[in-house]
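Counting starts at 1 for both ligands and their atoms, following the listed order.
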Amino acid sequence: MNFRPRKDIGTIPWAPDRYGESVLGHSLEVWRPLERCKLIVHAGIHGEEGETTVALSRALRLLTEPSHHCAVVLAANPDGLVRGTRGNAHGVDLNRNFPTRDWLPDPVMHRSTLDAPRDVVLSPGSGPGSEPETRALVRLIEELAPAAVVALHAPLACIDDARQTPLAAWIAGKTGLPLVPDVGYATPGSLGTWGGEHGLTVVTYEFEMTDKDSVVRDHVPVLAELLAGVDPWS
Ligand SMILES: [Zn+2]
């Protein structure tokens, strides 16, 4: 596979489209594919997981031309990334805010670190799909109608796909991360659940807990191969 020369990877050479606006007024940006969208890859829906944005951006910058079939969202929660919070500017965990049948109004209990108790309180929103970032991502998925969405997260170190699709198996094989049918706890209002209700494959790609350079070394090549048009999901 041909990649852009290293000297040229400092900037993203293509302009994104704006698919919405965050609570704080930041643009929600998508790099659209040249042809029919088969896959959306998004990062940064949890603002504390900035390594997902760094890795996906680096993969995008390696390409010698825009992706033919993958749409790329580098920051699904720009307010959280700017402020360093898991939730958006309303304190909402966006991955509990999707308009699913199982959406719950209960507080979202979150671990501050992987080995800490679940004692940090976030909100699932005032109702299903209450947040502009959630609604915009739903609209984008409905407009592009991909066969699958890959959602980047950290640091649970697994590839989670309720359907155990070939796409998820391909990512698991490339990364060595275990392929699992769920993350081991209930996630009402998650994108994965919303996808399941709409016949959409959602693969949750959870990086391991590691340093940024290791993420770049281990995950950027896999992401670049996905964006460049390897077609493991067909
Ligand atoms: Zn996450």
Exercise for review: Quick one: name the protein N/O/S atoms under 2.8 Å from the Zn ion (ligand 1), chain by chain.
Suggested key: His46 ND1, Glu49 OE1, Glu49 OE2, His153 ND1
Point to revise | Spacing of CE belonging to Met109 relative to CG belonging to Asp93, to within rounding of 0.5 Å | key: 12.0 Å
Review point. Which other residues belong to the hydrophobic cluster containing Leu94, where Ile, Leu, Val, Met, Phe, Trp and Tyr are joined when side-chain heavy atoms lie under 4.5 Å apart, directly or via other members?
Key: Tyr19, Leu28, Val30, Ile40, Ile45, Val73, Val92, Phe98, Leu137, Val138, Leu140, Ile141, Leu144, Val149, Leu191, Trp194, Leu200, Val202
Point to revise | Residues Arg32, Glu143: salt bridge by 4.0 Å N-O rule | key: yes
Review point. Quick one: side-chain contact (heavy atoms from CB on, under 4.5 Å) partners of Pro181, sequence neighbours excluded?
Key: Gln164
Practice item. Return the set of residues passing side-chain hydrogen bond (donor to acceptor under 3.5 Å, both in side chains) with Glu51 (not counting sequence neighbours), or none when no residue passes. Key: none
Point to revise | His153/Tyr205 aromatic ring centres below 6.0 Å | key: no
